[in-house]
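Step one of this worksheet: look at the structure below.
Since this is a predicted model, take the numbers as computed values, not measurements.
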Amino acid sequence: MNERRQKSYSIRVDAAELARSRQHPTHQANGDEERYAGARYFMSFTKGLIHNPKTGLLQDPKDFVEFRRAIDDGFIDPFTDRVRHGAKYKVVNGNIVEEENPNFLDGFRQWEAPTAGVVFELEGPDAQAVTMPPAPPLLDSSGNTNLELIFEMAEVYELAILRDCPFNDFEKGAKNENLKASIARLNKLGYLQNQNGRPRKVNHKRNRPRQKGKLDVQTVFRGSSPGVEVGPYLSQFLLIGNKAVNGEDGVTTGKIAYGVLEINQKVPIATPGTDYMTDFAKYVEVQRGIAQARESYVPGRRFISTPRDLATYVHYDALYEAYLNACLILLGMGTPFDPGFDHLSGGGVAAQDPKTRRHANGFALYGGPHILTLVTEVATRALKAVRFQKFNNHIRLRPEALAARVELVRRKNSGEIEENLIPKALSQYVQGFLDKLESNGNGDLATSTLGNISAIAEGSYLLPMAFPEGSPMHPAYGAGHATVAGACVTILKAFFDTSAVLVKDSSNEYRFKRMEEGDKLVAFRANDDGSALVESPIDNISEALTLEGELNKLAANISIGRNMGGVHYFTDYYDSVRMGEEIAIGILEEQALTYPTDPFVFSVPTFDGDIVRIGRR
């Protein structure tokens, strides 16, 4: 017993040494917070503080200073004692007065876990041992309005314009004129033609799938990892189900078996064409942190069919539910495990062959419960790490606020608001957004990005939001959904054979498996009204849906689904999934120390296309 106790202690020490060996990075923001401190922090997250009703800007910069100090203190109480919440105070004739609101406790939104990044963890990288590069600043190194930031704001605008466009049109051969016009406007901005180089780990370049420096229907809004540009826009894991214990087919009906229960992949239908926060007074109300009613819905449910549907999914999901679903689908299909250890689990190829099948198999170790537990366990670590980036480091403003800055300059230019109410830096530098996004419609304002936004935003350049309350009550960068996606998907890529492809096998079973004679490659899409799934054959092996690609696509779909709601930018997705990946790899490295009897190696394909190997030999 003493020997076991000492060995247990030694493994814990080894894990602690592994954690200590991880160098804590220098956390670097883009400098916009300090750069525009004297301009009412107009490039920082200020939601929930007191805002001016005419400009939508922070009323008193001291409120932001106290907000920042409360975050750095790491205690919740200062958010009540020192930080003035915008729902409790309003601005009248330039003066801040207390709101006469007897329902205050029911009528305001709280900031979400602003101190979570200062706690410690006993497994995996410390919340402050991982980081993200600086988000795109307002100005580039030459002092010009940053083309990357203009481009990703244009993407969010265009996704709002396309919120009811069918996902089936986001594929080669589709001829949706609205989508084609959006792509043309994005390509006209010129950013992609100058974008090159390796991903951020080398030089902070964020690569996107594209053809010859341009987006097309098969690459637009697709994210950036191997396989995301192949086949349908949506990952199969957001559509299909698995076989029930009684043999009922859930794959083609989108029903996922949770033991003997089932979950339907169909989602509620948010009312098409209904967007929010397009009135400036309502925008200011939301920035003050005043709670809003829920969005409207039409009767029924359907498979995810449009960006609005995907935005609805990621509005109410339990953060890791898409990856838990994917894990259940894969286990139900008998998907082979990673070749480096599938003989250990009893659920892989070795278990299928009578010659190599053992009398014991995996369950609590190397089996379904092991994977199901771990794929959700990493989510909490991801959330704490990203909270540190959000609140303590970058404190980046949300797209809804950046769009409001664009609208403010439009109002100044048209004489709707006095120029002296607007900070000079805002007026000068945000003008670049107007110049680019008003001129990318072939010289016709009506066909430009902002011309199209104006048509659906009551004549303004405000960002039409999918949710009445707009963004959550925390900064944009990184993205919680994307960090959790990166962590959870990395666990799935570690355990399962990512070279498997989706087929209909010789027994007419749908599976992710290593392709054999008699297997037919397939893909599923929702039909035109989203009421059913349609199976499509794939004739070209280069268009096969690999497990790696569909998992990468799942992470991108969930992350960019938040952009479709209007609450995040592309870089929030791009850098956050990679930080989540780093967290999961760190946890796997520590887990590997605890399996002393079995030699195995996880081979984890990363979001950048590299391979990380973890294990014991």
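Salt-bridge formation is not detected for the pair Glu581/Arg578: no Lys NZ or Arg NE/NH1/NH2 atom is positioned less than 4.0 Å from an Asp or Glu carboxylate oxygen. A salt bridge links Glu377 with Arg381: the distance from a Lys NZ or Arg NE/NH1/NH2 to an Asp or Glu carboxylate oxygen falls below 4.0 Å. The pair Lys62-Glu66 does not count as a salt bridge, with every side-chain nitrogen at least 4.0 angstrom from each carboxylate oxygen. The pair Arg22-Glu589 meets the salt-bridge criterion, since a charged nitrogen lies less than 4.0 angstrom from a carboxylate oxygen. A salt bridge links Glu152 with Arg396: at least one charged nitrogen is closer than 4.0 Å to a carboxylate oxygen. Salt-bridge annotation for Glu33 and Arg68: present, with a side-chain N of the basic residue lying under 4.0 Å from a carboxylate O of the acidic one. A salt bridge is absent between Arg20 and Asp126: the closest approach of a Lys/Arg side-chain nitrogen to an acidic carboxylate oxygen does not fall below 4.0 angstrom. Taking 4.0 Å as the cut-off between side-chain N and carboxylate O, Arg84 and Asp60 count as a salt-bridged pair. Ion pairing of Lys390 with Asp572 is absent here, as no side-chain N (NZ or NE/NH1/NH2) approaches a carboxylate O to less than 4.0 Å.
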Please tabulate, for the side chains in residues 89-98, all donor-acceptor contacts under 3.5 angstrom to protein atoms that are two or more places apart in sequence or on a different chain.
unit_1: Lys90; atom_1: NZ; unit_2: Glu99; atom_2: OE2; d: 3.4

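Listed for the Asp575 side chain is no donor-acceptor partner under 3.5 Å among the backbone atoms of Met132. Using a distance-only test at 3.5 Å, with no hydrogens or angles considered, no donor-acceptor pair links the side chain of Arg69 to the main chain of Pro78. No donor-acceptor pair under 3.5 Å is formed between the side chain of Arg562 and the backbone N or O of Val567. Side-chain atoms of His85 come within 3.5 Å of backbone atoms of Arg109 as a donor-acceptor pair (strictly under, hydrogens ignored). Looking only at distances, no side-chain donor or acceptor of Asp164 sits under 3.5 Å from a matching main-chain atom of Pro272. Remark: side-chain polar atoms of Ser576 are paired, donor with acceptor, to backbone N or O of Ala479 under 3.5 angstrom. Proximity of a side-chain donor or acceptor of Ser224 to a complementary backbone N or O of Asn207 within less than 3.5 Å is detected. A donor-acceptor pair is defined here as one N or O able to donate and one able to accept, closer than 3.5 Å; such a pair exists between the side chain of Asn557 and the backbone of Tyr233. Looking at Glu400, its side chain never comes within 3.5 Å of a backbone N or O of Met465 through a donor-acceptor pair.
Smallest separation of non-hydrogen atoms from Phe170 and Cys165: CE1-SG, 3.7 Å. Here the shortest heavy-atom pairing between Val119 and Ala127 reads O-CB, 4.4 Å. In plain terms, the two heavy atoms of Ala476 and Tyr569 that are nearest each other are CB-CE1, 4.0 Å. When all heavy atoms of Gly566 and Pro399 are compared, the pair lying nearest together is O-CB, 3.6 Å. Annotation for Leu408 and Thr55: closest pair CD2-O, 3.6 Å, computed over non-hydrogen atoms. For the pair Leu57 and Pro423, the tightest heavy-atom approach, listed with the atom from each and the gap, is CD1-CD, 3.6 Å.
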Item to complete: Decide yes or no on salt bridge (Lys or Arg N to Asp or Glu O under 4.0 Å) for Arg308 and Asp275, but give the supporting numbers first.
Response: CA-CA 10 Å; Arg308 192 180 301 277; Asp275 298 307; 3.2 Å; yes
Item to complete: Give the intermediate values and the outcome of ring pair (Phe, Tyr, Trp, His ring centres under 6.0 Å) for residues Phe67 and Trp111.
Response: CA-CA 11 Å; Phe67 181 57; Trp111 291 292; 4.9 Å; yes
Worksheet item: Can you list the steps and then say if Thr115 with Phe75 is a side chain to side chain contact (heavy atoms under 4.5 Å, CB included)?
Response: CA-CA 6 Å; Thr115 62; Phe75 296 97; 5.8 Å; no
Worksheet entry | Pair Gln389-His27, side chain to side chain donor-acceptor pair (under 3.5 Å): steps then yes or no | CA-CA 8 Å; Gln389 296 301 316; His27 301 286; 3.3 Å; yes
Item to complete: Tell me, with the steps shown, if Gln591 and Glu123 meet side chain to side chain contact (heavy atoms under 4.5 Å, CB included).
Response: CA-CA 9 Å; Gln591 288 250 325; Glu123 184 181 30; 3.1 Å; yes
Fill in: Step-by-step side chain to side chain contact (heavy atoms under 4.5 Å, CB included) determination, Asn392 to Val118
CA-CA 9 Å; Asn392 299 79; Val118 302; 4.2 Å; yes
Worksheet item: What's the verdict on salt bridge (Lys or Arg N to Asp or Glu O under 4.0 Å) for Glu407 and Arg410, showing C-alpha distance, side-chain angles and the deciding distance?
Response: CA-CA 5 Å; Glu407 164 64 4; Arg410 184 200 69 78; 2.8 Å; yes
Worksheet item: side chain to side chain donor-acceptor pair (under 3.5 Å) between Ser559 and His481: does it pass, once the steps are laid out?
Response: CA-CA 6 Å; Ser559 305; His481 274 77; over 6 Å; no
Item to complete: Determine, stepwise, if the pair Glu148 / Thr571 fulfils side chain to side chain contact (heavy atoms under 4.5 Å, CB included).
Response: CA-CA 9 Å; Glu148 182 178 18; Thr571 46; 3.7 Å; yes
Worksheet item: What do the steps show when you test Tyr297 against Glu295 for side chain to side chain donor-acceptor pair (under 3.5 Å), and what is the final call?
Response: CA-CA 7 Å; Tyr297 291 88; Glu295 63 271 31; 2.7 Å; yes
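Around CD of Glu34, the count of heavy atoms belonging to other residues, nucleotides or ligands within 6.0 Å exceeds 12. Under a cut-off of 6.0 angstrom, the local environment of CZ in Arg294 is sparse, with at most 12 non-hydrogen atoms contributed by other residues, nucleotides or ligands. Around the CD atom of Gln110, the shell of radius 6.0 Å holds no more than 12 heavy atoms that belong to other residues, nucleotides or ligands. Atom OH of Tyr316 sits in a crowded spot, with more than 12 heavy atoms from other residues, nucleotides or ligands closer than 6.0 Å.
You'll find the side chain of Ser471 reaches within 4.5 Å of the side chain of Lys47, heavy atoms only. By the 4.5 Å heavy-atom criterion applied to side chains, Leu149 and Leu402 are counted as neighbours. In this structure, Leu147 and Lys436 have side chains that are in contact, with non-hydrogen atoms separated by less than 4.5 Å. Using a 4.5 Å heavy-atom cutoff, the side chains of Ile50 and Phe64 are not in contact. Between Asn144 and Tyr429, the closest side-chain pair of non-hydrogen atoms is not below 4.5 Å. Phe467 has its side chain out of reach of Thr312: every pair of non-hydrogen atoms, C-beta onward, lies at least 4.5 Å apart. Within the 4.5 Å cutoff, no side-chain heavy atoms of Phe607 are placed close to those of Tyr574. Side chains of Asn325 and Phe237 form no contact here, defined as non-hydrogen atoms less than 4.5 Å apart.
Ser414 and Glu416 share a side-chain donor-acceptor pair at under 3.5 Å. Residues Asn413 and Gln431 have side chains that bring a donor and an acceptor to within less than 3.5 angstrom of each other.
For Phe45 and His394, the ring centers sit 6.0 Å or farther from each other. Checked against the 6.0 Å centroid threshold, His568 and Tyr573 do not count as a close aromatic pair. Two rings, from Tyr320 and Tyr323, have their centers 6.0 Å or more apart.
The one candidate from Gln59, Arg40, Gln287 that meets the side chain to side chain donor-acceptor pair (under 3.5 Å) condition with Asn52 is Gln59. Each of Lys266, Arg302, Arg163, Arg301 was evaluated against Asp309; a single residue qualifies, Arg302, per the salt bridge (charged side-chain N to carboxylate O under 4.0 Å, His left out) test.
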